[in-house]
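Structure first, commentary second.
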Protein chains: 2
Amino acid sequence: MKAQKISRLGYALLGLLRQRPSSGYDLRKIFSSTAMKTYSDSPGAVYPALRRLEQQGLIRGSLEHGSGLRRRQIFHHTPKGLAELKKWIVRPITQDDLARRDLEVLLRFAFSEEVVGPVASVQLLKSLQAELVVHLAVLSEQLAAARSKMSISGRLAFECGLRGCESWLEWTRYAIATYEKQEKGGKS
Amino acid sequence: MKAQKISRLGYALLGLLRQRPSSGYDLRKIFSSTAMKTYSDSPGAVYPALRRLEQQGLIRGSLEHGSGLRRRQIFHHTPKGLAELKKWIVRPITQDDLARRDLEVLLRFAFSEEVVGPVASVQLLKSLQAELVVHLAVLSEQLAAARSKMSISGRLAFECGLRGCESWLEWTRYAIATYEKQEKGGKS
DNA sequence: CGCCCCATGTAAGACGTTACATGATTGA
DNA sequence: TCAATCATGTAACGTCTTACATGGGGCG
């Protein structure tokens with residue numbers, strides 16, 4: 001009865017709605033015009049997703065009675081929605097997150113500071129860092145094993161993946177350092 | 001009647017089958033055990049996908065009558081399948097490829113050398129490089145515009161994306177250089 | 001014999017894509 | 001008034017996920 005799953009799009013919407021109550025149209029604009037193009041801006045994806053979130057009690061919509069009478073529904077998150085968002089963000093990072101779920105981890109991190117606070121953000125980074133180290137080791141091993149059997153483009157593609165991981169790892173260090181500097185500076 | 005679309009999984013299967021005729025089980029093993037974990041290894045995804053490819057005349061299966069009598073269907077690509085694979089690989093790279101289609105481009109490149117030859121591989125790289133430069137410019141601009149309105153984790157996540165692009169760009173240079181060196185060396 | 005791996009499949013359901021439809025409002 | 005944009009929706013379709021089912025074969 002309870003925990004039916006939330007799709008990637010669902011989490012993206014939930015996170016955005018926590019930042020600022022918005023209409024479906026607003027959200028679609030974000031997906032079509034910003035760097036969040038990984039998410040579908042099509043009405044056939046967004047509106048049903050919002051409906052599902054509402055049915056699960058994670059968001060609530062209210063009709064806006066602004067100047068014009070053009071109907072426009074503004075959604076905002078509920079306490080339950082915020083709780084789900086938190087749960088999603090602080091989930092321990094797995095190898096699976098690195099191998100399959102393309103950039104879902106990054107979205108979780110992007111939302112993390114405002115939803116669960118900077119301490120949790122750093123924790124997330126450290127968890128990610130640890131998994132990346134493992135993942136890198138696995139990839140390196142696989143490359144070494146398969147190298148001789150690959151075409152040049154095959155090997156290069158593999159190396160691209162490896163470099164991407166290394167770049168991520170370097171980024172986690174930079175990100176952690178950024179937070180630590182922040183802490184030393186103004187605690188405001 | 002003709003050109004119904006092929007899914008990402010479909011192209012992955014087609015590319016693997018060009019490398020080596022395999023059974024559905026073999027292919028699933030590749031997805032579950034190698035770096036190609038982005039693709040589903042579940043029977044509910046792989047077998048129907050193979051069936052679709054077969055119905056479109058892109059692959060053909062033949063029952064193996066090996067030592068044991070355990071049924072096992074080996075698939076191999078048809079000329080039509082190879083043609084579709086080529087078309088997919090040499091498609092011009094778009095901004096959309098960079099923003100949405102996570103690593104589809106990389107798969108295309110991985111297969112490219114053996115399917116369309118090293119010259120086309122380099123062309124693909126140069127095309128990718130050009131699009132990456134544009135994409136980087138767009139991202140930088142967006143970051144500059146939104147920077148002040150973002151949380152630290154939001155900004156860092158964005159920067160992670162940027163760094164990823166830069167890493168890709170650097171990789172294209174390395175990859176192109178690798179091919180050029182190759183050409184100078186042994187033309188064998 | 002029981003257990004695990006090989007190897008294939010199917011069925012239900014969730015989700016996204018594509019395309020179409022509707023109506024209100026703004027601006028030329 | 002006509003077109004474009006705002007804003008929401010729906011229907012058909014394809015594909016993936018999840019879970020279950022089936023049988024052969026090797027091994028202890």
Side-chain angles (χ1 to χ4, degrees), chain A residues 1 3-14 21-33 36-56 58-59 61-75 96 99-102 104, chain B residues 1 3-14 21-33 36-56 58-59 61-75 96 99-102 104:
Chain A
M1 179 176 266
Q4 65 176 6
K5 254 171 257 176
I6 302 169
S7 67
R8 265 186 37 215
L9 177 61
Y11 282 115
L13 292 169
L14 202 46
S22 316
S23 69
Y25 195 78
D26 293 334
L27 295 162
R28 288 178 53 212
K29 284 309 245 339
I30 293 174
F31 292 146
S32 63
S33 67
M36 295 183 73
K37 291 207 207 308
T38 6
Y39 300 92
S40 172
D41 68 316
S42 82
V46 173
Y47 292 110
L50 286 170
R51 194 79 49 81
R52 286 194 297 273
L53 292 175
E54 194 173 26
Q55 278 172 352
Q56 293 173 62
L58 307 177
I59 64 174
S62 53
L63 282 166
E64 193 189 46
H65 38 287
S67 48
L69 279 147
R70 175 192 282 165
R71 84 190 188 295
R72 189 178 133 86
Q73 195 168 191
I74 304 294
F75 292 92
D96 201 75
R100 301 181 99 87
R101 317 236 196 265
D102 50 310
E104 191 174 332
Chain B
M1 179 175 265
Q4 63 175 4
K5 252 171 261 177
I6 302 169
S7 67
R8 265 186 34 215
L9 177 61
Y11 281 116
L13 293 169
L14 202 47
S22 317
S23 69
Y25 194 78
D26 292 335
L27 295 162
R28 288 177 55 210
K29 283 310 244 337
I30 293 174
F31 293 146
S32 64
S33 67
M36 295 184 73
K37 291 206 208 309
T38 7
Y39 300 92
S40 172
D41 68 317
S42 81
V46 172
Y47 293 111
L50 286 170
R51 192 80 49 82
R52 286 194 299 271
L53 291 175
E54 194 173 27
Q55 279 173 352
Q56 294 173 63
L58 307 177
I59 64 174
S62 53
L63 282 166
E64 192 188 47
H65 39 289
S67 48
L69 279 147
R70 175 192 282 166
R71 83 192 191 293
R72 190 178 131 88
Q73 195 166 190
I74 303 294
F75 292 94
D96 202 74
R100 302 180 98 89
R101 316 239 199 261
D102 48 309
E104 191 172 332

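In what follows, every heavy atom counts, from backbone to side chain, and hydrogens, waters and symmetry copies are set aside. Note on naming: letters A, B, ... go to the chains in the order of the sequence lines (proteins, then strands), and numbering restarts at 1 for each one.
- Residue B:Gln4 contributes atom CD, which lies 7 Å from atom P of D:dT15 at whole-angstrom precision.
- OP1 or OP2 of D:dT17 has at least one side-chain nitrogen or oxygen of B:Ser40 nearer than 4.0 Å.
- Using a 4.0 Å heavy-atom distance criterion, A:Ser42 is classed as a base contact.
- Neither OP1 nor OP2 of D:dT8 sits under 4.0 Å from any side-chain N or O of A:Tyr25.
- Atom C1' of nucleotide D:dT8 and atom CZ of A:Arg72 are separated by 12 Å, given to the nearest angstrom.
- For A:Tyr47 and D:dT8, the shortest distance from a side-chain N or O to OP1 or OP2 is below 4.0 Å.
- Spacing between atom CG of B:Asp41 and atom P of C:dC6 amounts to 13 Å, rounded to whole angstrom units.
- Of the side-chain N and O atoms in A:Lys5, one or more sit less than 4.0 angstrom from OP1 or OP2 of D:dT18.
- Remark on DNA chain C: of its neighbouring residues B:Pro48 and B:Asp26, the 5'-side contact belongs to B:Asp26, judged by nearest-heavy-atom nucleotide.
- Within the model, atoms OG of B:Ser23 and NZ of B:Lys29 stand 9.0 Å from one another, a figure rounded to the nearest 0.5 Å.
- Between A:Ser7 atom OG and A:Arg52 atom CZ the span is 5.5 Å, to the nearest 0.5 Å.
- One can place CZ of B:Arg52 at 14 Å from C1' of C:dG9, the figure rounded to the nearest angstrom.
- Straight-line distance from the CG atom of B:Leu50 to the P atom of C:dA7: 14 Å, rounded to whole Å.
- Whole-Å rounding puts the A:Arg8 CZ to C:dG16 P distance at 9 Å.
- Set against C:dT17, D:dT15, C:dA19, the side chain of A:Ala45 has C:dT17 as its closest nucleotide.
- A:Gly24 comes within 4.0 angstrom of the backbone, heavy atoms only, and of no base.
- Atoms CZ (A:Phe75) and P (D:dA7) sit 13 Å apart, rounded to a whole Å.
- Proximity of A:Gln56 to A:Ile6: side-chain heavy atoms (C-beta onward) are separated by under 4.5 Å at one or more points.
- Of the side-chain N and O atoms in B:Ser23, one or more sit less than 4.0 angstrom from OP1 or OP2 of C:dT8.
- Using a 4.5 Å cut-off on side-chain heavy atoms (C-beta onward), A:Met36 and A:Leu27 make no contact.
- Following rounding to the nearest Å, A:Leu13 (CG) and D:dT8 (C1') show an atom-to-atom distance of 15 Å.
- Both B:Gln73 and A:Ser7 sit near DNA chain C, but only B:Gln73 has its closest nucleotide nearer the 5' end.
- In this structure, CD1 on B:Ile59 lies 7.5 Å from CG on B:Leu13, to the nearest 0.5 angstrom.
- Comparing D:dG9, C:dT8, C:dC6 against the side chain of B:Lys29 picks out C:dC6 as the nearest.
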